[in-house]
Amino acid sequence: MIFDAPDLIWTYLISERFYHAALMTLLISICSLVGGMVVGLVLALMQEAKWAPPRMLAVGYLWLFRGTPVLFQLIFVFNVLPSFGFVLSGFACAILALSLNEGAYMAEIMRSGIRTVGAGQRNAARALGMPEWQVMRWIILPQALRVIIPPIGNQFIGMLKLSALVSVIAVEELLLVANQTASSNFRYLEALAAAGIYYLAMTTVFMLLQSLIERALRRRGRSGTRGGLTQRMLSATADLGRVR
């Protein structure tokens with residue numbers, strides 16, 4: 001039986017069910033990461049606010065979502081929200097729960113990236129007449145992005161593996177399909193090997209993409225440094241003036 005294992009692994013790899021399950025895993029991971037980045041950015045800005053209530057709300061959110069297991073949050077969203085009238089599909093519940101959980105960790109990554117930009121740069125941009133949102137858009141976020149890309153890459157890889165938890169709410173992701181397939185014929189080695197190959201392939205592709213993005217940002221940062229920060233601010237202000 002062990003001699004036909006490579007053939008069975010290959011059959012699983014090219015099977016439509018495994019392929020769709022891998023796409024589902026990838027889709028859940030990407031959507032949850034993007035949702036987590038949006039939630040994390042909002043929380044990071046709330047933590048940096050001068051007004052106390054937004055800071056307290058952000059701290060309460062972090063306390064709640066970092067203090068409870070993500071499995072608990074998945075089950076809570078899937079089983080409790082319908083009692084309040086919010087009936088969502090398993091896929092939507094998975095995206096919602098993972099995004100809310102990821103946002104709590106993204107907030108710290110975003111906040112550390114924002115804090116790497118010196119106060120002098122913010123003051124210089126304000127002195128040029130840029131309002132707060134333009135300071136954030138043109139000065140802070142482009143520089144913070146170079147700092148937060150590596151940890152975001154780690155978070156995506158973690159999310160890819162964390163997505164296996166959504167099988168508890170009956171979402172047909174890769175690990176659930178592999179387990180169901182193996183349960184039907186007790187060929188666990190072949191089914192799990194095929195799932196593992198898919199996971200490794202997706203992780204490898206994303207690590208290569210992350211490396212290319214980091215390299216591009218470093219090149220952009222070096223070219224920006226040659227022109228000087230003040231020159232870049234003046235260019236951004238001039239561009240904004242033309243847009244108006």
Side-chain angles (χ1 to χ4, degrees), residues 1-40 65-82 87-106 109 150-210:
M1 183 180 290
I2 195 68
F3 298 108
D4 64 346
D7 292 336
L8 191 53
I9 292 172
W10 176 250
T11 301
Y12 288 153
L13 282 175
I14 61 174
S15 69
E16 190 174 347
R17 197 175 179 210
F18 271 70
Y19 174 71
H20 284 299
L23 284 182
M24 177 62 76
T25 296
L26 191 61
L27 187 61
I28 289 172
S29 302
I30 292 175
C31 291
S32 301
L33 187 74
V34 172
M37 288 174 66
V38 173
V39 174
F65 281 91
R66 296 177 71 177
T68 54
V70 65
L71 185 59
F72 165 83
Q73 294 160 17
L74 272 168
I75 295 172
F76 186 92
V77 168
F78 186 70
N79 292 304
V80 177
L81 282 189
V87 181
L88 303 175
S89 65
F91 176 77
C93 288
I95 298 295
L96 178 61
L98 292 179
S99 296
L100 293 175
N101 178 270
E102 187 66 17
Y105 296 92
M106 280 291 182
I109 295 173
I152 285 179
N154 292 333
Q155 287 297 115
F156 180 81
I157 293 171
M159 177 61 69
L160 200 64
K161 293 180 281 189
L162 206 62
S163 65
L165 291 176
V166 305
S167 60
V168 298
I169 56 174
V171 177
E172 283 207 337
E173 51 73 49
L174 189 55
L175 190 59
L176 177 66
V177 167
N179 193 39
Q180 288 176 341
T181 303
S183 299
S184 64
N185 57 7
F186 300 102
R187 301 292 293 264
Y188 283 94
L189 171 64
E190 292 82 356
L192 293 177
I197 290 171
Y198 266 115
Y199 278 120
L200 288 173
M202 288 188 286
T203 303
T204 303
V205 169
F206 185 79
M207 288 172 71
L208 289 173
L209 286 175
Q210 180 188 350

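No hydrogens, no waters, no symmetry mates; every other heavy atom, side chains included, goes into these values.
To the nearest 0.5 angstrom, L27 atom CG is 10.5 Å from S163 atom OG. For the atom pair E102 CD and I95 CD1, the distance stands at 11.5 Å (nearest 0.5 Å). To the nearest 0.5 Å, atom CG of residue L8 and atom OG1 of residue T181 are 9.5 Å apart. The structure places OG of S89 at 8.5 Å from CZ of F78, a figure rounded to the nearest 0.5 Å. The line from CZ of F156 to CD of Q210 is 10.5 Å long, rounded to the nearest 0.5 Å. Separating the CD1 atom in I28 from the CG atom in L23 is a distance of 11.0 Å, to the nearest 0.5 Å.
Within the 4.5 Å cutoff, the side chain of V177 has heavy atoms near those of the F18 side chain. In this structure the side chain of L192 never reaches within 4.5 angstrom of the side chain of N179, judged on heavy atoms. The side-chain heavy atoms of V39 and M106, taken from C-beta on, include no pair separated by under 4.5 Å. Looking only at side-chain heavy atoms (C-beta outward), L175 and Y199 come within less than 4.5 Å of each other. Taking 4.5 Å as the limit, some side-chain heavy atom of I157 sits within range of a side-chain heavy atom of M207. The shortest distance between side-chain heavy atoms of E173 and L176 falls below 4.5 Å. By the 4.5 Å heavy-atom criterion applied to side chains, H20 and E172 are not counted as neighbours. The shortest distance between side-chain heavy atoms of M202 and L160 falls below 4.5 Å.
Annotation for I169 and A94: closest pair CD1-N, 3.9 Å, computed over non-hydrogen atoms. Across C93 and L74, no two heavy atoms sit closer than the pair O-CD2, 4.4 Å. Minimum heavy-atom separation, S99 to C31: OG-O, 3.9 Å. The shortest non-hydrogen separation linking L200 to T204 is O-OG1, 2.7 Å.
Formation of a donor-acceptor pair under 3.5 Å by the Q73 side chain with backbone atoms of F65 is found in this model. Of the possible polar contacts, one joining the Y198 side chain to the L13 backbone as a donor-acceptor pair under 3.5 Å is found. Within the 3.5 Å criterion, the main-chain N or O of L174 finds a donor-acceptor partner in the side chain of T25.
Remark: F76 CZ is loosely packed, at most 12 non-hydrogen atoms of other residues, nucleotides or ligands lying under 6.0 Å away. More than 12 heavy atoms of other shown residues, nucleotides or ligands fall within 6.0 angstrom of atom CZ in F91.
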